[in-house]
Amino acid sequence: MDHDGNGDGFMDMPKLRQYNLMHRWAYVSPRWISQLMLRGLHDERNGGQSRKHSADSSSEPLYATSVKTNRYEAQWKNGFTLNADHNTSVALMLHGSWHDADNIFGRTEYDVTQKNGYAQLMFETDITEHHNLSVGASLNHDYYDERFNPLGALARAESTVSKETTPGVYAQYTYKLGEKLTVMPGVRWDHSSRYGGFFTPRLHLKYSPNSIVTLRTSVGKGYRSPHALAENVSLLASGREIFVSPDLKQEEAWNTGASLGFNIPLFGRNLELNAEYYYTDFVNQMIMNFDGASGQHTLRFENLDGKSYSHTFQVDATYALFSGMTATAAFRLNDVKCTYDGSLRQKPLTSRYKGLLTLSYKTPLELWQFDVTGQLNGGGELYDQSSYPAYFQLQAQVTREFHHFSLYVGGENLTNYKIDDPIRHAHHPWSAAFDATQVWGPVTGAMAYVGVRFKLEKL
């Protein structure tokens with residue numbers, strides 16, 4: 001049924017029909033392990049203006065959205081043991097997928113078919129007790145067939161086909177000094193048929209001087225091939241004119257980080273305390289520039305021209321308050337900025353901070369379980385540089401375990417927090433100012449659910 005709780009004429013959630021089918025086989029012998037997985041997915045989501053609440057639907061057609069997805073994939077993993085004493089093994093992994101999505105947002109039509117094939121061959125061995133070597137080769141092939149038509153039946157669709165084949169090789173060395181020290185440097189080289197060759201170095205280090213403290217650090221580089229529309233389909237739900245730069249570069253970034261973990265005995269129980277910091281610095285990046293210097297009511301996918309970075313700091317703690325009761329608390333700070341039209345600004349729709357508190361209790365026989373989670377979402381900026389406030393949400397669930405099944409009942413967004421006017425110019429969906437892409441918080445209010453989970457040992 002149509003559900004429009006805020007009365008803006010649009011359904012708060014799409015009507016959904018989804019089918020999933022997956023089957024896995026496994027073969028295990030002393031020297032050979034093989035796993036085969038087949039999966040199929042059919043997903044339909046229909047939303048847009050509600051017939052019940054739409055304003056003057058006789059004068060103009062309803063703004064409808066439709067997302068239909070079919071996906072099929074297969075994966076085959078094989079591991080062969082060559083020498084058990086030195087953990088010497090060879091692994092072969094194959095994966096293939098076919099993904100087809102048909103999207104309609106008002107008049108805008110965007111259909112995409114992606115075909116992907118991936119193969120990886122790995123060799124690993126313990127040279128000595130302290131030294132391990134892993135080498136391998138991989139091959140990835142992507143095929144995209146995209147059909148984009150922002151004017152629907154009023155114009156012909158633009159069709160583009162892109163292909164990328166990337167073979168690569170890598171080597172990774174691991175030095176282990178018992179449980180105290182692990183050093184893991186690695187490097188790989190790939191050659192993209194679109195972007196040419198590139199190196200990807202990385203280094204991981206883990207140091208545990210005792211059973212209480214663990215230090216981890218890492219540094220490395222990453223590359224990524226961007227696909228503007230396929231990765232940002234939801235941004236088509238607006239009246240903006242969309243432009244995609246014809247020369248989008250490969251994304252490139254350096255990542256560094258460190259974490260410090262403590263396992264502290266406290267009042268007869270262990271307090272797990274962690275603090276971590278990660279920094280990402282983009283050399284190249286595809287950015288989404290909304291209503292920039294090129295004009296109002298536009299969206300441009302273009303290359304980064306300036307700085308773009310992310311600082312993330314998080315602390316979390318877990319402690320068993322008493323038998324059966326566990327509490328987890330976490331807090332994260334985000335400083336994510338990017339350059340738009342020569343100005344370095346906060347990345348839109350990224351919360352500056354987040355907080356979490358979870359309480360979980362199991363009765364002595366573990367027949368009942370009670371879970372409560374409170375989540376604080378910090379404020380941030382929208383595309384027009386206006387700000388949105390912080391808000392708090394509460395979730396809870398009660399589970400009753402039986403021999404072959406479990407029954408659970410719960411609620412989401414129990415604080416009933418909803419944002420006002422999530423869709424801009426909702427009563428004029430065919431205007432250039434219409435925008436349903438800046439939803440920064442919950443649209444629906446409190447929600448209750450009940451479910452049953454069956455446990456079948458063997459069929």
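Reckoned from all heavy atoms, side chains included, excluding hydrogens, waters and symmetry mates. Keep in mind that what you see is a predicted model, and the values were worked out from it rather than measured.
Looking at S134, its side chain never comes within 3.5 Å of a backbone N or O of E124 through a donor-acceptor pair. Side chain of N284 to backbone of N303: no donor-acceptor contact under 3.5 angstrom is found. The closest donor-acceptor contact from the side chain of N149 to the backbone of L151 lies under 3.5 Å. Between the side chain of T415 and the main chain of F392, a donor-acceptor pair closer than 3.5 Å is present. Of the possible donor and acceptor atoms, one in the side chain of N116 sits under 3.5 Å from a partner among the backbone N and O of H141. D100 contributes no side-chain N or O that, together with a main-chain N or O of Q114, makes up a donor-acceptor pair within less than 3.5 Å. With hydrogens and angles ignored, the 3.5 Å screen pairs a side-chain donor or acceptor of D291 with a backbone N or O of H297. Using a distance-only test at 3.5 Å, with no hydrogens or angles considered, no donor-acceptor pair links the side chain of N103 to the main chain of V67. Judged purely by atom type and a 3.5 angstrom limit, Y110 uses its side chain to pair as donor or acceptor with the backbone of A230. A donor-acceptor pair is defined here as one N or O able to donate and one able to accept, closer than 3.5 Å; no such pair exists between the side chain of S208 and the backbone of N210.
Taking Y309 as the reference, H311 meet the ring-ring contact (aromatic ring centres under 6.0 Å, His included) condition, with sequence neighbours excluded. For A253, the side chain to side chain contact (heavy atoms under 4.5 Å, CB included) partners at least two apart in sequence or on another chain are T280, F282. Scanning for salt bridge (Lys or Arg N to Asp or Glu O under 4.0 Å) contacts around R300 gives an empty result, with sequence neighbours left out. Shown here are the ring-ring contact (aromatic ring centres under 6.0 Å, His included) partners of Y417, two or more places apart in sequence or in another chain: Y391. Residues satisfying the salt bridge (Lys or Arg N to Asp or Glu O under 4.0 Å) test with R424, not counting sequence neighbours, are D384. Partners of K249 under the salt bridge (Lys or Arg N to Asp or Glu O under 4.0 Å) rule, at least two apart in sequence or in another chain, do not exist in this structure. Checked against side-chain hydrogen bond (donor to acceptor under 3.5 Å, both in side chains), Y19 has no partners two or more places apart in sequence or in another chain. Contacts of Y27 classified as ring-ring contact (aromatic ring centres under 6.0 Å, His included), with partners at least two apart in sequence or in another chain: W32. For D43, the salt bridge (Lys or Arg N to Asp or Glu O under 4.0 Å) test picks out R45, with sequence neighbours left out. By the side chain to side chain contact (heavy atoms under 4.5 Å, CB included) test, S138 is found to be paired with Y118, Q120, R188, D190, residues two or more places apart in sequence or in another chain being considered.
In terms of heavy-atom proximity, K418 sits nearest to G445 at CD-N, 3.4 Å. Between G48 and T65 the shortest heavy-atom distance is N-OG1, 3.5 Å.
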Begin from the C-alpha positions of R147 and D145 and carry the test salt bridge (charged side-chain N to carboxylate O under 4.0 Å, His left out) through to its verdict. CA-CA 7 Å; R147 298 161 297 281; D145 184 1; 3.2 Å; yes
Going through the distances and angles, do E73 and R71 end up as a salt bridge (charged side-chain N to carboxylate O under 4.0 Å, His left out)? CA-CA 7 Å; E73 60 181 314; R71 179 178 176 85; 3.4 Å; yes
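Using a 30° and 60° split on the angle between ring planes, Y63 and F434 fall in the tilted class, from 30° to 60°.
Ion pair K68/E44 not flagged as a salt bridge, since none of the NZ, NE, NH1 or NH2 atoms sits closer than 4.0 Å to an Asp/Glu carboxylate oxygen. Ion pairing between a basic and an acidic side chain is recognised when a charged N comes within 4.0 Å of a carboxylate O; E179 and K206 show no such pairing.
Annotation: the span from K180 atom NZ to K176 atom NZ amounts to 15.0 Å, rounded to 0.5 Å. Atom CD of E252 is separated from atom CG of L304 by 11.0 Å, given to the nearest 0.5 angstrom. Note that the CG atom of D12 and the OG1 atom of T444 stand 7.0 Å from one another [nearest 0.5 Å].
The side chain to side chain donor-acceptor pair (under 3.5 Å) pairs that include a residue from residues 428-441 are R240-D435, D435-T437, D435-Q438, where partners are two or more places apart or lie in different chains. Among residues at least two apart or in separate chains, ring pair (Phe, Tyr, Trp, His ring centres under 6.0 Å) pairs with a member in residues 161-182 are H131-Y173, H131-Y175.
For F198 and Y223, the gap between ring centers is short of 6.0 Å.
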